[in-house]
Every structure is written in C-alpha cells, then in structure tokens.
Amino acid sequence: MSTLTIRSLRKNYGTVEVLKGIDLEAQNGEFVALVGPSGCGKSTLLAMIAGLETVTSGEIRIDGRLVNAVAPKDRDIAMVFQSYALYPTMTVRENITFGMESRRVPKPQQDEAVKRVAAFLQIEPLLGRKPGQLSGGQRQRVAMGRALVRDPKLFLFDEPLSNLDAKLRVDMRTEIKKLHHRVGKTTVYVTHDQVEAMTLASRIAVMHQGSVQQFDEPAMIYNRPANMFVAGFMGSPAMNFLPAELGEEGGRPTVALSTADGKTVGLPIVQTLPSDTPRQLVLGIRPEHIYRFDPDLQRRKPGIAQIDAMVELVEPTGAETMAVLRLGAKEITGRFDPDSTPRMGETVTLGIDMARACLFDPTTQRLI
Amino acid sequence: MVDAALDRSLDHRAATVTARRHLLTRLVIYGLLVVFAAIYLVPLLVVVLNSFRDQQEIARNGLISLPRSFRLEAWSQAWSTYCIGGTCEGMQRNFYNSLKMTIPATIISTTVGAMNGYILSKWRFKGSEALFTLMLLGVFIPGQISLMPWAFILGNLGLSNSTYGLIVIHVIQGISFTTLFCRNYYVSIPDDLIKAARIDGAGFWRIFRKIILPLSSPILIVTVIWQFTGIWNEYLFGVVFTSGQQQPITAALVALTASGTNVRAYDVMSAAVLIGALPPLLIYLFGGKYFVRGLTQGAIK
Amino acid sequence: MSNHDLILSVPAPARPWRERLGSAVPLLVLGPSLVASLVYVFVFTGWTLYISLSNSSLLPSYDFVGLENYASLWANRRWNIAYNNLFLFSGFYIVGSMAVGLLLAILIDQRVRGEAVWRTIFLYPLAVSFIVTGTVWSWLYNPTDGIQAMVRGLGWTNFSFALASDRHHAIYAVIITGVWQSSGFAMALFLAGLRSVDSDLVKAAQIDGASTFRIYRKVLLPTIAPIFLAVAVIQIQFAIKTFDLVAALTKGGPGISTTFPAIYVYDLMFQRGQIGEGAAAAIMMLAALAVVLVPYSFWVVWRRRKEAGHG
Ligand SMILES: Nc1ncnc2c1ncn2[C@@H]1O[C@H](COP(=O)(O)OP(=O)(O)O)[C@@H](O)[C@H]1O
Ligand SMILES: [Mg+2]
C-alpha cells in the first residue's frame with residue numbers, strides 16, 4: 001500500500017515561479033506519467049517528490065504522511081536518472097549495494113538482494129564491471145537495479161530512456177512496462193515523449209509552464225484534450241487546428257470553414273453544444289480522422305462530413321502515408337492508408353470524422 | 001593513351017613537388033624545435049656540468065665549456081660545509097626548513113581546498129556563489145599587500161622567524177587557489193550523482209569519501225603540484241619573515257650567491273642551485289603529465 | 001518473484017535535531033577557511049591601505065596624513081623608473097612568452113615524433129623557481145664567465161653580449177629570462193586549447209581547401225581566443241608580483257635600472273623603515289593589477305551571461 005498525494009505545490013527559484021500550484025495523486029500501484037515540453041518543471045516536481053529540492057509551499061504526502069521536510073533517504077523512494085547517475089568509480093555490484101551499505105544492511109542480506117535483482121534484470125555477468133565499461137542499455141538496467149533493490153514505496157523515473165537510441169528505447173519501454181506489471185509499485189515517470197507516456201501510464205499529467213494542464217487516463221487525454229496545448233502536444237503528427245465560425249444548416253449547428261475556392265462549407269457538429277458557445281471556434285481534427293471520402297465510408301461512420309482540399313505534399317512512411325492538404329488559407333495534415341493515398345497536386349474530397357473532432361474556444365483555448 | 005600517360009607523369013611531378021615541400025616543412029619544424037630545445041636545455045646542462053667541474057677549471061675555461069674534470073666535492077660542500085654569512089653548514093638546514101614548510105602547507109591547503117570546492121560546488125547555499133567570488137580575490141592579491149599585516153600577526157602569535165609562521169602564510173594564501181581549482185573541477189561532476197547518493201542514504205561525509213574523493217585524483221595532483229612547487233619556490237615571505245638558520249632554501253640560495261667574495265665558487269653554487277631546484281623538478285618530472293592534463297581539464301576555465 | 005522478496009529494510013525514523021546539525025555541516029566546515037580568506041583579502045588590504053595613509057615609518061602608526069606617502073612616492077625618480085619598468089616588462093614578457101608559447105604549441109601540434117619529450121623540455125622551467133632561473137641566467141649574462149666569454153673563446157674575440165651589465169638594456173635581460181621561464185606554460189595551455197577544438201571543424205576547413213596557415217589563422221586561433229586572454233591574465237599576475245626574478249638576476253641594477261615596484265616595496269618596508277610609503281607602493285601595485293583584472297572580470301561575467309542567454 002503506497003500512495004502519493006500532492007496539493008497546491010509551488011516552487012520558486014528566487015522570483016521565478018517554476019511550479020505554480022500542482023495537484024496530483026497516484027493510487028497504490030499506479031503508473032503516473034508527467035509529460036510536457038522541456039523546461040516545464042517536470043524534473044523539478046520529481047526532485048521535490050524525492051526530497052532533493054525544498055518545497056516553497058503546498059504539501060507532498062506519501063502514504064498520507066506529510067514528507068515536505070523529510071530527507072530523501074527517509075522517504076522510502078528510489079529514483080532512476082536520465083544520466084543514470086551510476087557512481088563511476090564503483091563496480092556494478094558496489095553501485096547496487098551502496099544504498100544498503102549507507103543504511104547498514106548486513107552483508108549476507110546485501111548479497112542476497114544483489115543476487116535477486118541481478119537475476120531479475122539479467123545483469124549477473126556485469127556485476128564486476130565499472131559503469132564506463134557498459135553500453136547505454138546495460139547502464140540503464142543497472143540504474144534500474146539500483147532502484148529496485150531498495151524495494152521502495154515509490155519509484156521515480158526522470159526521462160530514463162532519453163539517452164538511448166530509438167530502437168533500444170522502444171525495447172526498454174516494453175521492459176519497464178513488464179517490470180511495473182511484475183513489481184506493481186507506485187511509479188511517477190517523467191518524460192517529454194508523449195508516446196512513452198501513452199504506452200506506459202495508467203494516468204498522464206500533461207504539464208506546461210509550471211502547471212498541470214490535464215490529469216487523466218491516456219484515452220481521455222488523447223480523445224478529449226482539455227485545451228489546445230494538450231491537444232497539440234499529445235499525438236504525432238499534431239492535431240490540426242482550423243479557425244471556424246459557428247453556423248447552422250437545416251436547424252443543426254455546423255462549423256463553417258472557408259475552402260480553397262473561397263466558398264464556405266458547413267460541417268455538421270455531432271456533439272451537443274452548451275448554450276454559451278462562442279461564435280468563433282477552433283476546430284481540432286487529428287490526422288487519422290481525415291479520410292478520402294467515399295459513400296461507403298459514410299455508411300460506416302455516420303459523423304463523416306465532406307470537404308474538398310488540394311494535395312500539396314505526400315510523405316510515405318511505409319505503414320501509412322501523411323499528406324499535407326490545403327484547405328482555404330490553412331494547411332492540414334492527413335494520415336492515409338497507403339492504398340488510398342491521394343496524389344500530389346490532385347484535388348480530393350475528404351471525409352472528416354466529426355464524431356471525433358474537438359472544438360475549442362479560441363480565447364480561453366479550452367475544449368468546448 | 002598519350003594524353004593519359006602525360007597526365008600521369010604530370011601527376012607524378014606534382015606529387016614529387018608536394019613531397020619535397022612536405023619534407024622541407026618537416027625539416028623546418030624539427031629544426032625550430034631543436035633550436036628551442038637547445039635554448040631551454042643549455043642552462044640546465046651548464047649548471048649540472050659545472051656542479052661536477054673543478055672550480056679552477058671553470059675559472060680558466062668559463063662557465064660554458066665541456067668539462068675536463070669530474071669531482072663530487074662541490075655537492076657535499078654545498079650540502080653540508082659551505083659558509084653562508086658566517087655559518088658553515090651548507091644548504092642542508094635550509095633544505096629541511098623548506099621541506100618542513102612545504103609538505104604540511106601543501107597537505108593542509110589542498111585538504112581545505114578540496115573540502116571547500118566540494119561544498120561550493122555540491123552543497124551550495126544562498127550566497128555561496130558570492131562568497132566564492134570574494135574568496136577568489138585572494139588569488140589576485142599581491143603578496144606585498146599582506147606583508148605588514150602578516151608581520152603584525154606573526155609577531156603577536158610568536159611565529160616570527162619560524163617555519164610555522166611561513167606555513168600559516170602559505171596555507172591562508174593557498175586556500176584561494178586550491179578552492180578555485182577544486183571547485184572548478186567538482187562542478188563538472190554531475191549533480192545527479194550526489195542526488196542519487198542522497199537518496200541512497202549517504203550524507204555529507206560519505207558522499208565526499210565514497211564518490212567525490214575517488215574521482216578527485218586529477219585535480220588533487222594538479223593542486224598538490226601547484227602548491228608544492230609554488231611554496232617551495234617562494235622567496236618573498238621567506239626572506240622577509242625568516243633569517244639565517246630559519247630561512248627556506250630560496251632565501252639561502254640568494255644569500256649564498258650574494259656572499260661571493262672576489263672569486264665566485266661556481267661549482268658549489270651550481271650544486272646548491274640544483275639542490276634547491278631538485279624537489280620540484282622531480283615532482284614535475286613524475287607528475288607533469290597529469291599536471292598539464294588536469295590544469296587544462298578543470299582549473300583554467 | 002513477488003515484490004516482498006525485494007524488501008530489505010525499513011528506514012529508521014528521522015531524528016530532527018541530528019538532521020538539523022547535519023545540514024549545518026557544510027557551513028561549519030567551510031566557515032573557518034572562508035573567514036580566514038575573507039580576512040586575508042579584505043582586512044589585510046584595508047589595513048595596508050590605512051597604513052599607506054598614515055605617517056608610519058619604522059613601526060606602524062595610525063596618524064592619518066592623507067595622500068602624503070603617495071605624493072612622496074611619485075616624487076621619487078626611482079619609483080617612477082620602477083613603475084615604468086613594470087609596464088615595459090609586463091608588456092614584453094606577456095607578448096614574448098605568449099608568442100614563443102604559441103609557436104611551440106603549433107610546432108608540436110604538427111604530429112611531431114616524441115611529443116612528450118618536447119613538451120617536457122619546454123615545460124620544465126615552470127617547476128624551477130625564479131630564484132634558480134635568475135641565478136643561473138645571471139651567470140650566463142656575466143661577461144667574464146658566461147655567453148660572451150664562451151663566444152670569444154671560440155675565436156670571435158670582439159663579440160659583445162653584456163645585456164645585464166648595461167643599464168640601458170638590463171631590463172631586456174630580465175624580460176628574456178622571464179620569457180624563457182614561462183613560455184612553456186603558455187605552450188601547454190595553447191596546446192591543450194588546440195587539441196580541444198572539434199576536429200570536424202578542421203576537416204571542414206580542409207575540405208574547403210584552406211591551407212594549414214589559414215586553418216590556424218581563421219579557424220583554430222579564433223576558436224581558442226579565450227585561452228589567449230586566460231594566459232595573459234595569469235602572466236600579468238606573475239609580472240606584477242615578480243620580486244624573486246629581479247632579486248636573483250640583477251638585484252635591481254645596474255644602478256637602479258631594473259628596479260621594480262615589488263623590490264621597491266621591500267626596500268621601503270624592510271631596508272629603509274618607511275612602512276607608510278612602502279604600503280603606498282604596495283597599494284599602487286594592487287592598483288596596477290586592478291587596472292587589468294577589473295575589466296577582465298567584467299568581460300568574463302559578460303561572456304558567461306551571453307553564453308547562458310544562448311543556452
Ligand atoms: N536551480 C535552478 N535555479 C533557477 N532556475 C531553475 C533551477 N532549476 C531549474 N530551473 C528552471 O526551472 C524550469 C523547470 O526546469 P526542469 O524542472 O528541469 O524542467 P524539465 O525537467 O521539465 O525540462 C526551467 O525553466 C529551469 O530553467
Ligand atoms: Mg528534466
């Protein structure tokens with residue numbers, strides 16, 4: 001049983017406010033990802049949870065106990081750093097036992113623990129080596145071993161995969177997920193990579209400029225982003241934003257877009273709008289919700305709306321093809337099946353899945 | 001066919017021209033190096049050779065000439081019997097004075113510098129950067145500024161004309177340097193290591209002993225060599241605050257070379273000069289490589 | 001494996017008073033040497049400054065006499081010569097040792113054989129004291145025993161090399177000796193700088209068809225510009241504080257031609273018992289140092305700001 005609760009946490013460096021009232025919680029065994037662009041305060045928040053940075057105001061509770069003033073070693077946490085922070089002059093074994101020695105754990109017990117963790121992470125052959133003699137992936141494993149051996153209440157990861165090359169990163173991501181399933185510890189995981197956050201976390205906190213923009217399950221973050229920042233940050237290629245106006249066709253509300261030939265096209269809105277919906281809107285559509293229109297599609301997906309666009313550029317990636325499409329004055333990106341990719345220069349009729357579209361208020365940037 | 005052959009021979013000609021120019025460049029490079037090496041080595045060679053030559057012979061043939069005699073007496077004279085200003089004990093006492101001064105002062109100032117550098121880089125507190133900058137000013141203060149205050153303080157502590165007084169001076173003077181060197185080096189050790197160790201439950205001393213110290217040898221070598229040679233070679237404080245039998249070797253050397261009557265005993269003076277130069281030279285010969293490496297790694301930034 | 005297998009120990013409950021003591025340890029360790037350093041820097045300087053404004057002669061006294069000591073200092077011909085010498089010496093010494101050091105560094109940088117040997121040869125004078133260097137070179141400059149005697153002995157009987165015994169040129173003897181002593185240090189720093197330049201930069205310049213000379217002039221040397229400044233600042237400090245070199249080499253002579261402020265301070269304080277004026281001379285040395293170091297430190301701060309701004 002271990003939980004983490006953070007209430008209106010603030011951090012100032014001098015006059016600079018780095019964290020502006022963070023509220024966050026992790027249930028027992030939960031995997032919470034903190035994601036956001038570089039410099040938004042993720043590492044600072046994690047360091048405060050670890051006790052490495054002082055708290056300006058607010059509360060941090062681990063298992064309900066207020067730990068604001070508790071030293072890092074007494075918080076019962078373990079942390080994996082982006083740089084791994086392996087002690088360069090010690091062997092892998094010494095790296096793993098360093099914490100236990102600091103806490104005066106008897107020698108036989110230490111050996112036992114090293115053996116167990118080394119077997120668990122399959123790093124037995126590395127125990128006698130120094131960090132300098134290890135590859136990036138091996139260092140990463142050792143760093144996890146050092147955290148694991150503590151058996152803490154809380155695991156903290158600060159961008160543990162960002163120093164690995166692309167392929168290894170995907171492998172280690174899977175490993176971390178498996179590890180979490182097996183150990184089942186409450187985990188806070190910092191990353192700037194939204195894919196990592198989506199794949200690993202049970203809940204994601206999207207941060208921007210020192211505050212949490214949205215804290216929710218991955219599917220909610222992706223499908224119902226709380227604001228334009230979250231919508232734009234999560235997902236690659238990013239969500240398309242189109243300025244539009246609220247209109248009406250046949251008694252049903254529409255978003256009116258201007259197309260390439262200067263005409264205005266109304267796309268029917270599927271959701272029910274609140275009464276105070278502004279006239280000016282921003283329509284957000286993810287690239288994968290843009291199709292090549294055909295009547296069959298409309299039968300399968302009732303929310304499909306038609307609109308014409310010019311194909312400006314086509315970028316095949318193999319599994320799918322991205323196309324840059326001109327819609328009036330705006331360029332949008334669509335994601336197509338390689339079999340139905342439009343050709344460059346062609347004018348296509350697009351089918352936009354309005355059931356999956358998001359509408360934002362351009363002044364508050366919030367989801368409507 | 002013909003064209004191709006012509007091309008090739010032209011290529012060949014060009015190649016030989018390039019090769020010849022290359023050879024010429026190499027000759028110039030090595031020539032210059034040899035000339036400079038000679039300029040650097042001749043003074044050393046002259047002193048070494050003269051320390052084994054006969055004084056008569058030096059007087060006859062001048063300082064710079066090939067030796068025609070070989071004797072070791074000059075060394076033993078310089079070490080234990082030559083007269084400087086009335087006492088005829090050679091340099092040995094001054095040599096020991098210098099050792100007694102240099103070794104403790106080096107050890108103490110290096111230890112303090114390492115601790116200070118550790119704190120100022122890894123345990124920063126509000127205002128620590130400012131304090132460090134103020135401390136740094138000590139590097140720039142000319143010794144002449146501190147002469148009067150030191151005279152007063154040493155007098156009050158009863159440490160005038162004693163090696164201990166010089167130790168105090170060199171430690172306090174040296175702290176600015178050693179702190180600067182160590183701090184600049186320790187800054188480059190990632191803070192994450194310290195954070196990881198704190199989570200692992202290590203405190204101030206344990207982090208220093210187990211993590212910082214094992215990483216410190218490059219900078220400790222630099223600091224020790226810098227301090228040792230600096231303190232051993234220092235003259236101003238030695239000549240101002242000590243006299244006679246208490247003087248360090250630099251002051252004694254000046255006294256010895258100045259005490260020359262009409263005939264200068266170049267043989268003994270050469271040996272004395274070498275005795276005075278030997279400890280830092282040896283340290284440098286063994287540690288010079290690490291010194292330069294460490295100096296450029298962290299100290300000069 | 002169940003997660004219970006990994007449980008090892010439960011941390012002991014925190015003891016606040018010990019923790020509070022623990023957090024004070026860095027300050028307690030730093031404290032004494034910090035105080036000593038600050039006293040050394042500020043109290044000593046202030047003290048000497050005060051003495052320079054007093055009528056101290058044989059013993060310190062604290063009767064304030066304003067700038068009298070400074071006035072009498074600057075009225076003295078010997079001091080003026082000393083101060084001029086300081087600037088003359090500093091200029092030639094710094095430029096000279098940097099030029100020789102740079103030349104040696106570039107020579108060694110040409111992938112020469114036995115690099116370590118050359119480096120050791122050029123650097124060893126650094127380990128030797130100015131006293132030793134000065135003593136030995138005073139012998140070499142000595143017309144009857146040194147270089148002049150040797151060359152004449154080779155048959156060139158009217159050869160003349162009496163730099164150190166000629167009052168118009170003795171200062172150059174000091175400069176040459178100083179350059180001999182410290183150009184190796186400059187070489188070491190320049191060499192390290194050259195080696196630290198990203199080798200891709202040189203490769204790119206080679207592909208652009210630049211000659212070795214141009215690569216040094218346009219690519220390498222501009223890149224290591226900060227090292228030039230660092231070397232200059234270190235050398236300036238040597239130059240201003242130098243007491244030993246002159247003491248061993250020329251003793252300020254012939255006559256007063258190679259007097260330096262450092263020598264003059266010593267004479268005033270300990271030979272002539274004019275502590276007040278000696279302190280004034282010491283403060284003038286500090287002023288000379290400040291003229292160089294204050295702009296330098298502003299430059300360093302400015303550069304750091306700029307870098308931080310870009311980062
Ligand atoms: N010690 C510090 N002093 C001043 N500002 C800091 C300090 N540490 C971090 N910051 C600032 O706080 C902000 C958040 O930093 P950080 O938590 O490292 O961001 P992230 O990990 O999300 O990239 C950054 O703008 C950074 O410049
Ligand atoms: Mg970060």
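All figures in this text were calculated on a predicted structure; none of them were measured in a lab. By convention in this document, chain letters (A, B, ...) are assigned in the order of the sequence lines, proteins followed by strands, and residues within each chain are numbered from 1.
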Inset, instruction - Select one option (side chain, backbone, both, neither) describing which atoms of C/Val43 are under 4.5 Å from chain B's heavy atoms. - result: neither

Legend entry - Residue C/Leu27 versus chain B: region with a heavy atom under 4.5 Å: side chain

Inset, instruction - Please flag which part of C/Thr120 lies under 4.5 Å from any non-hydrogen atom of chain B: side chain, backbone, both or neither. - result: both

Inset, instruction - Determine whether the aromatic ring centres of B/Phe152 and C/Trp47 lie less than 6.0 Å apart. - result: yes

Inset, instruction - Mind ranking C/Gly134, C/Ala248, C/Pro125, C/Ala262 by heavy-atom pairs under 4.5 Å with chain B and telling me who comes out on top? - result: C/Ala262

Inset, instruction - Give, as side chain, backbone, both or neither, the part of C/Thr212 having an atom under 4.5 angstrom from any heavy atom of chain B. - result: neither

Inset, instruction - Check whether any side-chain N or O of C/Tyr124 sits under 3.5 Å from a backbone N or O of B/Tyr40 as a donor-acceptor pair, and report yes or no. - result: yes

Inset, instruction - Measure C/Ile51 against the heavy atoms of chain B and call it side chain, backbone, both or neither at under 4.5 Å. - result: side chain

Legend entry - Under 4.5 Å from a heavy atom of chain B, the part of C/Leu103 involved: side chain

Legend entry - Contact leader toward chain B among C/Arg119, C/Lys251, C/Arg113, where contacts are heavy-atom pairs under 4.5 Å: C/Arg113

Legend entry - Side-chain donor or acceptor of B/Tyr30 paired with backbone N/O of C/Val112 under 3.5 Å: no

Inset, instruction - Under 4.5 Å heavy-atom distance to chain B, tell me which part of C/Tyr266 shows up: side chain, backbone, both or neither. - result: side chain

Inset, instruction - Please state whether the side chain, the backbone, both or neither of C/Leu123 comes within less than 4.5 Å of a heavy atom of chain B. - result: both

Legend entry - Short side-chain to backbone donor-acceptor contact, C/Trp118 and B/Ala37, under 3.5 Å: no

Legend entry - Region of C/Phe243 in contact with chain B, defined by heavy-atom distances below 4.5 Å: side chain

Inset, instruction - Could you look at C/Leu107 and say if it's the side chain, the backbone, both or neither that has a heavy atom under 4.5 Å from chain B? - result: both

Inset, instruction - Side chain from CB out, backbone as N, CA, C, O: work out which of these in C/Arg195 comes under 4.5 Å of a heavy atom of chain B, or both, or neither. - result: neither

Inset, instruction - Against chain B, label C/Val128 side chain, backbone, both or neither, depending on which of its atoms sit under 4.5 Å from a heavy atom there. - result: both

Inset, instruction - Would you name the heavy atoms of B/Ile145 and C/Leu286 that are closest together and state the gap between them? - result: CD1-CB, 3.9 Å

Legend entry - Pairwise side-chain contact, B/Ile119 with C/Val29, heavy-atom cut-off 4.5 Å (strictly under): yes

Legend entry - Proximal component of C/Ile121, with respect to chain B [non-hydrogen, under 4.5 Å]: both

Inset, instruction - Verify, without hydrogens or angle tests, whether B/Asn233 (side chain) and C/Ala127 (backbone) share a donor-acceptor contact under 3.5 angstrom. - result: yes

Legend entry - Side chain / backbone / both / neither for C/Ala279 at chain B, heavy atoms under 4.5 Å: neither

